[in-house]
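Atoms within a ligand are numbered from 1 in the order they appear, just like the ligands themselves.
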Amino acid sequence: MLKVENVTKYYDDFRAVDNLSFEVDKGEIFGLLGVNGAGKTTTFRMIMNLTPPTEGKITFNGKKIDYDVTDQIGFLTEERSLLTKLTVKEQMLFYGALKSLSEEVILKRLDKLLERFKISEYKDRKINTLSKGNQQKVQFISAIINEPKLLILDEPFSGLDPINIELFKSVILELKEKGTSIIFSSHRMDHVELFCEKLVILVRGKAVLSGYLKDIKKDYKIKRITIEGDVSKKELQAIEGVITVNKNANSYTVNIKDESYAKNVFDYLKTRNSITKYAVEEPSLEEIFVAKVGEAYGE
Ligand code: ATP
């Protein structure tokens with residue numbers, strides 16, 4: 001289990017991470033979310049022991065993360081760090097050796113992974129001749145060639161097309177099934193939503209929301225009603241408990257203060273002639289994220 005306890009990081013006088021704590025269990029997928037500059041990469045760098053925390057403690061399975069433990073960790077960095085003049089195979093032999101793997105093990109795993117990522121034909125090609133997406137696959141393979149127990153993914157889906165996003169997702173889910181603890185950052189809430197069970201939202205290095213996604217959604221009082229049919233935006237807005245009404249191409253989205261106000265909206269709809277859809281739904285993670293980050297900035 002990865003344990004981050006009361007971690008604070010200062011760069012000179014600037015506090016980039018502020019008293020952050022969270023845990024990622026075996027086989028759990030954890031999302032580290034936040035706008036640009038929130039402190040995600042700094043947190044990853046501290047977990048990898050690339051920069052020390054100013055205060056607090058980070059352990060993996062009870063041990064400080066040092067040279068011995070890094071063999072059990074895989075890291076996909078945001079800035080992507082491939083040795084582009086090498087071939088895919090040479091790069092993997094280099095990375096694998098850094099993780100204390102024998103050449104035989106590296107080559108065996110590499111063949112399997114290249115096949116899984118559908119790029120077997122590029123094994124002896126120089127990395128700088130591959131497309132961006134394929135380079136990202138190579139980078140991802142180097143992060144998992146050591147079959148890590150802890151996998152850290154900084155923006156793993158950026159720059160990928162939808163087909164490859166699905167491919168990456170399915171590989172990540174396979175790793176989870178095998179017991180790998182996975183921690184990843186993303187700006188795309190739709191990815192996070194489909195994917196992670198537990199998360200923390202950072203604002204200026206501070207956690208403004210954390211916990212299991214299903215609890216966060218349940219506890220978030222504001223609900224969303226989707227309506228299709230003949231209604232008036234003005235009349236919806238006048239209903240007690242309604243916060244906002246948005247008109248979409250073929251529907252209306254109404255946010256209400258809490259579920260108890262759904263009845264008021266329903267009573268109004270009964271006075272209309274043709275309603276084809278009425279659904280009370282939980283808010284999306286995107287809505288919660290925007291609200292929480294806005295609140296933290298005092299908007
Ligand atoms: P992004 O989503 O844009 O990658 P992030 O959440 O990963 O952002 P960090 O890169 O961790 O954010 O940066 C957090 C804050 O710390 C930013 O304000 C950044 O300018 C600052 N920072 C990061 N690295 C350093 C450094 N080496 N020296 C000084 N300040 C730094």
- Task: Would you please classify the geometry between the F117 ring and the F168 ring as parallel, tilted or perpendicular, with 30° and 60° separating the classes?
- Result: perpendicular
- Query: Who pairs with D258 by salt bridge (charged side-chain N to carboxylate O under 4.0 Å, His left out), at least two apart in sequence or on another chain?
  - Reply: none
- Query: Does some side-chain heavy atom of V265 sit less than 4.5 Å from a side-chain heavy atom of I256?
  - Reply: yes
- Item | Heavy-atom pair of closest approach, residues V69 and K64 | CG2-O, 3.6 Å
- Message: Show me, by chain and number, every protein residue that has a heavy-atom distance under 4.0 Å to ligand 1.
- Response: Y11, F14, A16, V35, N36, G37, A38, G39, K40, T41, T42, E78, H187
- Message: Please determine whether a side-chain nitrogen of the Lys or Arg among R109 and E147 lies less than 4.0 Å from a carboxylate oxygen of the Asp or Glu.
- Response: yes
- Message: Do K214 and Y212 form a cation-pi contact, if we require the NZ or CZ to be under 6.0 Å from the six-membered ring centre and within 45 degrees of the ring's axis?
- Response: yes
